[in-house]
Number of protein chains: 2
Amino acid sequence: MTWEETAKAKKNKVDSGIPKEWSLKSIPNSEELRSTNEYIEGKLNGSEVKITNSTIVQLSEQISLGNLSALEVTRAFCHRAALAHQLTTCCSEIFFERAYKKAEELDEYFRKNGKTVGPLHGVPISLKDQVNLEGIDSAIGYVSLVNKPKTKDEVSNIAKILEDAGAVFYVKTTTSMAMVSCCTSSNIYGVTLNPFNRNLSSGGSSGGEGALVGAKGSPLGFGTDIGGSIRIPSTFQGLFGLRGCSNRLPYCNVTNSFAHAPVLASVIGPMARDLDDLKLVTKLIIDSKPWVYDPKVPPIPWREVVDYPKKLSFGIITGNGESKLHPPVRRALELARQALISQGHEVIEWKPPLSLSECRDLAGIIFGTDGYQEIADECANSGEPIMEEVLSFGGGGDTLPPGISHIHEYWEMGKFRYEYQQKVDEYWLSTASQTSTGRPIDGIISPIWESCSFKAEDIGLFSLCYTDTFNILDYSSITVPITTADKDIDLKDSSYDPISDHDKAIQDYYDAELYHGTPAGVQMITPRYEEERAIHLASVLRDSLK
Amino acid sequence: MTWEETAKAKKNKVDSGIPKEWSLKSIPNSEELRSTNEYIEGKLNGSEVKITNSTIVQLSEQISLGNLSALEVTRAFCHRAALAHQLTTCCSEIFFERAYKKAEELDEYFRKNGKTVGPLHGVPISLKDQVNLEGIDSAIGYVSLVNKPKTKDEVSNIAKILEDAGAVFYVKTTTSMAMVSCCTSSNIYGVTLNPFNRNLSSGGSSGGEGALVGAKGSPLGFGTDIGGSIRIPSTFQGLFGLRGCSNRLPYCNVTNSFAHAPVLASVIGPMARDLDDLKLVTKLIIDSKPWVYDPKVPPIPWREVVDYPKKLSFGIITGNGESKLHPPVRRALELARQALISQGHEVIEWKPPLSLSECRDLAGIIFGTDGYQEIADECANSGEPIMEEVLSFGGGGDTLPPGISHIHEYWEMGKFRYEYQQKVDEYWLSTASQTSTGRPIDGIISPIWESCSFKAEDIGLFSLCYTDTFNILDYSSITVPITTADKDIDLKDSSYDPISDHDKAIQDYYDAELYHGTPAGVQMITPRYEEERAIHLASVLRDSLK
């Protein structure tokens, strides 16, 4: 088989997981159907609409009271996921029958024992394609990895933990080839669209999760992030997405690119519409003591935030010194600032002795350590071409990054990263002299991306400054949805005098009509290993906005 | 200047830090003076003998009661260190005047405030040459790094923490070139001898600390360990030495070889004659929250061991499958086993699905990643030759190790290490099915080295199996002194039938007369990040021996 045939067969196989009765006769194009929500709900029955609009906390309560069965909850999300997938191409694997079987077992257990197996009993959870499940591929966007189902021994630790808590798996979601891109497309599945605006990208590399959870085809899913891959799709789809500190959550047995490259590592984390759901699942994983089975996870138990001070100070990042934010993102940031101030909190400028672009540049160099040889080799295995966005991500243009010529260069990158961390940590502590609380700032609010997304066929224009920086620093970050772009408010500023061609290109890209209705948010950042505090501060911001 | 001149001038400068009245007119050779203790105490006054035989806990109490001044404690250890250095060559830096000044300031503070600055007020602490102090070299055995004093900004985090607690620094101690060797010698200082037996090596690479603390010229010092460098000199000198899990104690701003090589990292840890002293200082460092200033340290507070079960199970390692232990080491291990059993504990064979030599071989490959180019470059800077033991350590014979030709080989090493860790962790958990407690074993007792040391001029014969393995696994390990070699008990077994030439060479090396009086011990091993438990179990073993 040619790679094209393998890819096509795989896509057909995935699509065939959707039962006939849920198949759309024809798929409307983005002009016919821009936003998916209303359309999808028109195809669901009332119970399915209600279930898929519920939070995990609500579902879990109803299931534990016997008011909802695991099977009906699972079927509702399967149906909605099937519709979301047809409109956005968000699923890389579909296995509804297996999910129903699992749900029936859970219902049987509940009938017999009068109790649930755990806090996620019967709750469907979606997983980025990287997460290994028995008997299912983890192709991570490569044709060469199609039809290589994972064995029982390869199942991801995090999947086991979720399953032990009663979660039901039913789909895996698309990623860009090798997770190297801020959009989500591959030679197997094509492009994953944004359910809020099908002209636009779902972001990447966890764009399948972003689109699926954004379309309410899943209450919560797991993405991964080495340079923004959780946060970009989370904000593009108006979700809370947690990029915790390295190895706070177990990555063990999750398929990865450059899997054992130690200088800068990807993290796995939840993406959800509801912050309390995100907290519940994060806590549940940490409470399971993931360090017992993953040597990389330090034994740091969940430390519930109690008695946190009422008056808080926040740093704010308003720009990267390279290019101006698009109007909706600027407004979201300003709304967040004003909401915090309105609640009596303080917001001061974040001005560390290190620019966002320095961090971004270091991350780019680290990503390119092997000159993407692993990617080139994996593509050569099937004959498929390297995706254009991967090339563009690596070297700019259509070449691979140069890579290193000596191991000392790699070690030097680690040295720089460590020094950057020390420098910024020190600055964070020093902010105590600027706050009225006398403490260092409690968190930082920052944009995530210069825009609310970009056209689905586009790649590359925007900058990873706001995301990469916190991977380099390894700070905890959680995205917080703030508002949606509004063509009547978020007007293009045609009098703006750009500081560079790049800045001009970004401003020119803005189109109030195109972006209308697309989510805009910020990220809340705390120091390393402070996932609990990040979630708490995100809830402070969320509540301030009410 | 030639490198020989630079080296000689440096050694002279260090030696000139010893005041005339403490200079020995002539240095006895090892035949004239085998063991240093009695000889040294003959040169000290009664108060100095008493002080240098005290524990930190005792000194600290007497200082806080005003019964001892920081200055007299400091002077006593300076005197004893001066004598120890002349007999063993254990110091790489001597700065008594600076120590007296610091001690006087502490005494002044105590007079004024009626209290101490911290729990180490006036307690001399020694530091391996790697630890950076302002205005002092960290030459780590290289001529090229002589006369390059460290600046204020380069001071090691751990030195700051100790100094904040009131510690007085007065010497730094020798290491082998680049810390790559299990003996301690360099072109600057020559060979560091074992104060218990000056025919023998102090071990390495923290051999200066081993000799100094063993000779009671310091109550406690800090060494580093990437393959045994704390544990080898600790056991050769009858000390408790803690190799904790990576980054539990802060390594930030400690000069190092391959400083930013991430796959396998050196750790810093205390070496002491008294276990309670070791615990006090380890706890003090962790209580200082070292993670605030060292991004690599995870925020794991000190977790005091309370209500630990009374009946314990231990795994025991009795051999490496390659070569038999020397009689005193075999006896030490047997004494440890019997002592534990006599107290009602259980000791079972440790048989993980991975041999010690596999771990040792992986460590060797990781050490040789850059083909020792850093070492060759650093030597080329001064013109000094690479030490023979470094060459022997790297490739065997007189060549450098080959090193890697592609970054993927390096990442692959990290993969292997991670898999080894998972495999052995799983085995550890599985021991629950073999113990009578129903829990997995609480700890492992293991030899540290096949012999109680080796001739000072020798290198290389022995194996790093017992040490390297726990660096690869990143388990916590603490050495526990058990006994001393006794020529009347530890007889050479001339009927032994060796399994290989290597085994024969090791057995032939044993000489009951040569080793007589030299310490022999074991290590107590716990899982990752379980330093508190390792110290607790070491105290159980220590108390069982009483």
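Computation of the quantities below employed the complete heavy-atom set of this structure, encompassing side-chain atoms and omitting hydrogens, waters and symmetry-equivalent molecules. Sequence lines set the chain letters: A, B, ... in the order given, protein chains first and strands last, and positions in each chain run from 1.
Interface remark: B:Leu473 contributes no atoms to any contact with chain A (heavy atom separation under 4.5 Å). At a 4.5 Å heavy-atom cutoff, the contact between A:Cys252 and chain B is made by backbone and side-chain atoms alike. With a 4.5 angstrom heavy-atom cutoff, B:Glu374 touches chain A via backbone and side-chain atoms both. Heavy-atom distances place the side chain of A:Arg303, and not its backbone, under 4.5 Å from chain B. In this structure, chain B has heavy atoms under 4.5 Å from both the backbone and the side chain of A:Asp370.
In this structure, B:Lys296 NZ and A:Arg528 CZ are separated by 11.0 Å, a value rounded to the nearest 0.5 Å. Expressed to the nearest 0.5 Å, how far CD1 of B:Ile300 lies from CD1 of A:Ile300 amounts to 5.0 Å. Atoms CH2 and OH, on B:Trp411 and A:Tyr410 in that order, are 5.5 Å from each other to the nearest 0.5 Å. The distance from the NE2 atom of A:His408 to the NE2 atom of B:His260 is 12.0 Å, given to the nearest 0.5 Å.
The 12-atom threshold is not exceeded at OH of B:Tyr293, counting heavy atoms of other residues, nucleotides or ligands nearer than 6.0 Å. Atom CD of A:Glu419 has more than 12 heavy atoms from other residues, nucleotides or ligands within 6.0 Å. The 12-atom threshold is not exceeded at CZ of B:Phe416, counting heavy atoms of other residues, nucleotides or ligands nearer than 6.0 Å. By the 6.0 Å contact criterion, OH on A:Tyr418 is enclosed, its count of non-hydrogen atoms from other residues, nucleotides or ligands being greater than 12. Annotation: B:Glu409, atom CD; neighbour count of heavy atoms from other residues, nucleotides and ligands within 6.0 Å is above 12.
Side-chain contact check for A:Pro295 versus B:Asp474: every heavy-atom pair is 4.5 Å or farther apart.
The greatest number of non-hydrogen atom pairs below 4.5 Å with chain B, out of A:Pro262, A:Ala261, A:Pro298, A:Gly403, is found for A:Ala261. When each of A:Asn247, A:Asp294, A:Val263 is checked for heavy-atom pairs under 4.5 Å with chain B, A:Asp294 comes out on top.
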